[in-house]
Amino acid sequence: MSWLSKVRNSLGNLKKRDTPDNLWTKCPGCGEMLFTKEFEDNLSVCPRCQYHGRIGAQQRFDQLLDAGYGVLAAPRVPENPLNFRDSKKYSDRLKAARAANVFPDALTNALGAIEGRKVVLGVQDFAFMGGSMGMAVGEAFVEAAERAIAENCGYVIFTAAGGARMQEGILSLMQMPKATVAIRRLARAGLPYIVVLTDPTTGGVTASYAMLGDIHIAEPGALIGFAGQRVIQDTIREKLPDGFQRAEYLHAHGMVDMVVHRKDLKGTLASLLGYLERKEVA
Ligand SMILES: [Zn+2]
């Protein structure tokens with residue numbers, strides 16, 4: 001090895017050791033370089049511009065639930081029922097997504113409590129195939145709603161999705177009425193169903209369970225809509241207003257009940273569950 005490559009190697013090692021890829025995070029909101037640890041300690045919200053970063057199920061559970069919660073087992077559903085492939089096999093896409101994520105599909109539920117109020121908490125994770133709704137998501141939703149009924153508590157779901165999982169075709173669309181029936185059962189049991197819309201919630205998820213809550217909360221800046229902005233613009237041939245399909249716009253137009261900063265979510269959810277829980281009337 002020449003002296004030059006020796007120096008290069010040692011420089012290479014130095015670089016690797018001192019600047020791991022995830023030490024800094026660039027805020028997508030303001031472009032500021034943030035120390036990743038500080039960003040995460042701040043609930044993955046930018047301290048400078050309050051941009052709310054996308055987070056997964058495990059972080060949500062840890063941020064919101066009291067200690068001692070239990071993650072519900074993922075339902076077993078047929079995989080790749082249409083034997084679908086585009087540029088890759090759907091089963092290979094699933095395998096890759098599972099290798100890159102903590103949980104086996106895009107919706108994960110846990111049974112626990114928020115400030116002492118018992119709840120089933122569901123979190124849809126955009127990092128898992130765009131949070132897309134297929135059979136596994138639909139089945140997890142139904143099982144969570146049934147568990148809430150069995151436990152006599154509310155169901156709170158955090159939505160994040162690009163829409164239906166195209167690789168499951170009509171079977172993914174069938175999850176929309178299925179989830180709707182589960183919500184109806186919760187209502188019949190007199191139990192609250194609360195939706196927290198997070199960035200981004202779009203497509204078939206917005207067309208079903210994301211918009212059927214007793215109360216709709218949204219995180220600041222979240223993109224919430226059915227069709228994309230460009231599609232709408234091209235259809236109606238009109239320029240859309242600033243902030244269209246953002247949480248604040250939907251709140252101003254009556255589609256969302258409140259926009260809540262991530263640091264206030266825990267307290268807000270605990271209060272709402274308290275107001276809505278079943279009380280025996282003497
Ligand atoms: Zn920022």
Side-chain angles (χ1 to χ4, degrees), residues 21-22 25 28 44 52-62 71-110 121-145 155-180 182 195-212 218-219 221-231 245:
D21 295 343
N22 53 1
T25 302
S44 300
H52 281 51
R54 293 172 184 171
I55 55 175
Q58 189 64 64
Q59 285 140 297
R60 286 282 180 199
F61 296 154
D62 291 340
V71 174
L72 304 187
R76 292 192 70 83
V77 294
E79 290 201 351
N80 199 3
L82 305 179
N83 206 10
F84 186 89
R85 71 174 300 159
D86 42 70
S87 58
K88 273 187 210 162
K89 272 195 223 154
Y90 174 37
S91 39
D92 289 343
R93 285 190 191 279
L94 269 177
K95 255 183 231 158
R98 281 181 190 146
N101 285 280
V102 182
F103 298 112
D105 213 293
L107 173 61
T108 307
N109 296 286
L121 181 67
V123 180
Q124 212 165 353
D125 196 342
F126 194 76
F128 195 103
M129 296 189 74
S132 54
M133 171 188 57
M135 285 192 290
V137 167
E139 194 56 35
F141 186 95
V142 171
E143 285 186 10
Y155 183 27
V156 175
I157 189 166
F158 281 68
T159 59
R165 191 167 296 170
M166 315 233 283
Q167 292 88 343
E168 293 185 18
I170 189 76
L171 297 166
S172 73
L173 298 181
M174 280 165 60
Q175 307 313 308
M176 295 161 67
K178 187 166 147 178
T180 307
V195 180
V196 185
L197 301 144
T198 74
D199 186 58
T201 298
T202 61
V205 171
T206 317
S208 60
Y209 58 84
M211 284 293 165
L212 295 172
E219 283 198 325
L223 176 78
I224 303 156
F226 178 64
Q229 194 161 342
R230 217 174 329 138
V231 175
Q245 290 185 331

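- Side-chain atoms of Gln167 do not come within 3.5 Å of backbone N or O of Ser91 as any donor-acceptor pair.
- Once rounded to the nearest 0.5 Å, the distance linking CG of Leu94 with CZ of Arg165 reads 6.0 Å.
- Remark: Glu139 engages Lys178 in a salt bridge (Lys or Arg N to Asp or Glu O under 4.0 Å) (not counting sequence neighbours).
- Within the 4.5 Å cutoff, no side-chain heavy atoms of Val123 are placed close to those of Phe103.
- Residues passing the ring pair (Phe, Tyr, Trp, His ring centres under 6.0 Å) test with Phe158, sequence neighbours excluded: none.
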Subject >> Derivation and outcome, side chain to side chain contact (heavy atoms under 4.5 Å, CB included), residues Gln175 and Val142 >> reply: CA-CA 9 Å; Gln175 307 313 308; Val142 171; over 6 Å; no

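- For the pair Ala210 and Leu197, the tightest heavy-atom approach, listed with the atom from each and the gap, is O-CD2, 3.6 Å.
- Residues Tyr90 and Glu168 are in side-chain contact: their nearest non-hydrogen atoms beyond the backbone lie under 4.5 Å apart.
- Under the salt bridge (charged side-chain N to carboxylate O under 4.0 Å, His left out) test applied with Glu79, the options Arg93, Lys89, Arg98 reduce to a single match, Arg98.
- Taking both residues in full, the closest heavy atoms of Met129 and Ala97 are given as CG-CB, 3.9 Å, listed atom of the first, atom of the second, then distance.
- The closest side-chain heavy-atom distance from Arg85 to Asn80 is not below 4.5 Å.
- Under the side chain to side chain donor-acceptor pair (under 3.5 Å) criterion, Arg54 pairs with Asp199, not counting sequence neighbours.
- Screening residues 202-211 for side chain to side chain donor-acceptor pair (under 3.5 Å) gives Gln124-Tyr209 as the qualifying pairs, with residues at least two apart or on separate chains.
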Original post:
Please walk me through it: do Phe128 and Thr108 pass side chain to side chain contact (heavy atoms under 4.5 Å, CB included)?
Top reply: CA-CA 11 Å; Phe128 195 103; Thr108 307; over 6 Å; no

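- Residues Leu82 and Ile170 form no side-chain contact, since every pair of their non-hydrogen atoms from C-beta on lies 4.5 Å or further apart.
- Minimum interatomic distance between Ala140 and Pro75 (heavy atoms only, all atoms of both residues): N-CG, 3.6 Å.
- Residues Gly131 and Ala161 share a closest heavy-atom pair of O-CB, 3.3 Å.
- Rounding to the nearest 0.5 Å places CE of Met166 at 10.5 Å from CG of Leu173.
- Rounding to the nearest 0.5 angstrom, the gap separating the CD1 atom in Ile55 from the CG atom in Asp62 is 9.5 Å.
- Here Thr159 contributes atom OG1 and Glu219 contributes atom CD; the two are 9.5 Å apart, rounded to the nearest 0.5 Å.
- Applying the side chain to side chain contact (heavy atoms under 4.5 Å, CB included) test to Ala127 and every residue at least two apart in sequence or in another chain returns Asn101, Asp125.
- Atom CG in Leu223 sits 8.0 Å away from atom OG1 in Thr201 (nearest 0.5 Å).
- The number of heavy atoms from other shown groups lying within 6.0 Å of CE (Met176) is above 12.
- Listed by chain and residue number, nothing satisfies the ring pair (Phe, Tyr, Trp, His ring centres under 6.0 Å) test with Phe226 (two or more places apart in sequence, or in another chain).
- Nearest heavy atom pair, residue Ala218 against residue Ile224, reads CB-CD1, 3.8 Å.
- Nearest heavy-atom pair, Tyr155 versus Gly122, reported as atom, atom and distance to 0.1 Å: CE1-N, 3.7 Å.
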